[in-house]
Every structure is written in C-alpha cells, then in structure tokens.
Amino acid sequence: MKILVVCGAGASSTFVAQRVRHAAHEQGLDYAAFAGTEASLPIDLDSADVVLVGPHLVHALERIERDAAPRGTTVVLLPPDIFTDRDGTRTLALVRAAVGSPGGPLPAAGATADARNAEHPDRPEPERQP
C-alpha cells in the first residue's frame with residue numbers, strides 16, 4: 001500500500017511519512033509512505049492508495065477528497081497532535097482503521113468521510129454534492 005502524507009511545504013509530512021514507514025516495517029506490513037505538498041497533490045494522487053492530510057490543511061480537505069474519489073483513494077485528516085506520534089504507530093493505526101484490515105482491500109471511494117468521522121465523531125458530516 002502506498003501512503004501519501006500531505007502538508008503545506010513538505011517538511012512536517014516528511015517526518016510523518018518516515019515514522020509511519022518505519023512503524024509499518026516494524027509490524028511487517030508492506031506499506032510505503034512518502035511526503036507531498038498541497039501543490040504536488042494532483043500528481044502525487046496517482047501514486048497513492050491513502051492520503052494523510054496534515055491538520056493545518058483542513059481548509060482543503062473537501063477538495064482533496066473530491067480529487068481522490070475518482071481514483072478510489074482513501075483520505076484521512078490527521079488530528080492536530082499527530083506530530084507527537086514519535087514512532088509512527090498511532091499514525092499507522094489511523095491508516096489501518098481507514099482501510100479496514102492491515103493488508104485488506106481499500107474501502108470504496110465514498111467511505112473516506114465515514115473513516116474520517118469514525119476518528120472525529122463530533123465533526124459534522126460535510127455536505128454532499130448531488
């Protein structure tokens with residue numbers, strides 16, 4: 001599975017990607033994680049099964065979900081304190097929860113909001129376009 005971590009400039013996403021890649025390796029999972037930026041997202045989406053969106057990009061979440069949906073890519077908004085996850089295990093757990101089982105199939109494109117709401121049940125459901 002290929003995991004894209006997106007932030008504004010690429011610095012914080014690089015750290016998160018390294019940590020989640022290490023955590024996946026430690027758990028014997030064949031996951032690759034790489035960093036990207038909001039600007040590189042249109043190109044990077046083609047290589048990703050899961051997109052982890054930095055909490056500071058919440059303003060772009062609906063657009064990212066809309067761009068990811070036709071590709072069947074799962075989108076997860078990372079919580080504000082994700083940068084305290086020093087070993088990547090918590091971030092990896094978010095990925096695994098979003099896709100179901102550790103090596104299992106990815107959910108349908110419409111499941112992205114459901115996965116996000118499972119992590120943040122108090123967040124209102126975004127309006128869906130007809």
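Side chains are part of it too, since the values below use all heavy atoms of this structure and drop only hydrogens, waters and symmetry mates. In what follows, residues are counted from 1 in the order of the sequence shown.
- Judged as a salt bridge (Lys or Arg N to Asp or Glu O under 4.0 Å), not a single pair has a partner in residues 11-33 (not counting sequence neighbours).
- In this structure, Ala17 and Ala35 approach most closely via the heavy-atom pair CB-N, 4.0 Å.
- When side chains are defined from C-beta on, Leu94 does not count as touching Val20, because their heavy atoms never get closer than 4.5 Å.
- Residue Val76 comes nearest to Ala98 through the heavy atom pair CG2-CB, 3.5 Å, listed as atom of the first residue, atom of the second, then distance.
- Interatomic distance, CG of Leu57 versus CG of Leu52, reported as 12.0 Å (0.5 Å rounding).
- Side-chain contact between Val75 and Val53 is present, with heavy atoms from C-beta onward closer than 4.5 Å.
- Atom NE2 of His56 has more than 12 heavy atoms from other residues, nucleotides or ligands within 6.0 Å.
- Looking at heavy atoms from C-beta onward, Pro79 lies in side-chain contact with Ile82 at the 4.5 angstrom threshold.
- Nearest approach of Val6 to Thr37, heavy atoms of both residues: CG1-C, 3.7 Å.
- Taking all atoms of both residues into account, the shortest heavy-atom contact from Ala48 to Leu4 is CB-CB, 3.7 Å.
- The closest side-chain heavy-atom distance from Asp49 to Ile3 is not below 4.5 Å.
- Separation of atoms CZ (Phe83) and SG (Cys7) is listed at 7.0 Å; rounding is to 0.5 Å.
- Pairs passing the salt bridge (Lys or Arg N to Asp or Glu O under 4.0 Å) check and including a residue from residues 32-42, sequence neighbours excluded, read Glu38-Arg63.
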Next on the checklist: Determine whether Val50 and Thr73 satisfy the following criterion, side-chain contact (heavy atoms from CB on, under 4.5 Å), listing intermediate values before the conclusion.
Outcome noted: CA-CA 5 Å; Val50 176; Thr73 303; 5.6 Å; no

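- The shortest distance between side-chain heavy atoms of Gln27 and His22 does not fall below 4.5 Å.
- Side-chain contact between Arg96 and Leu92 is present, with heavy atoms from C-beta onward closer than 4.5 Å.
- Sorted by first and then second residue, the salt bridge (Lys or Arg N to Asp or Glu O under 4.0 Å) pairs with a member in residues 73-88 read Asp81-Arg90; sequence neighbours excluded.
- Taking all atoms of both residues into account, the shortest heavy-atom contact from Asp67 to Pro70 is O-CD, 3.5 Å.
- The shortest non-hydrogen separation linking Ser13 to Gly36 is OG-O, 3.3 Å.
- One distance of note links CG of Leu77 with CG of Leu61; it measures 5.5 Å at 0.5 Å rounding.
- Under the 4.5 Å side-chain criterion, counting only non-hydrogen atoms from C-beta, Phe34 is not in contact with Val5.
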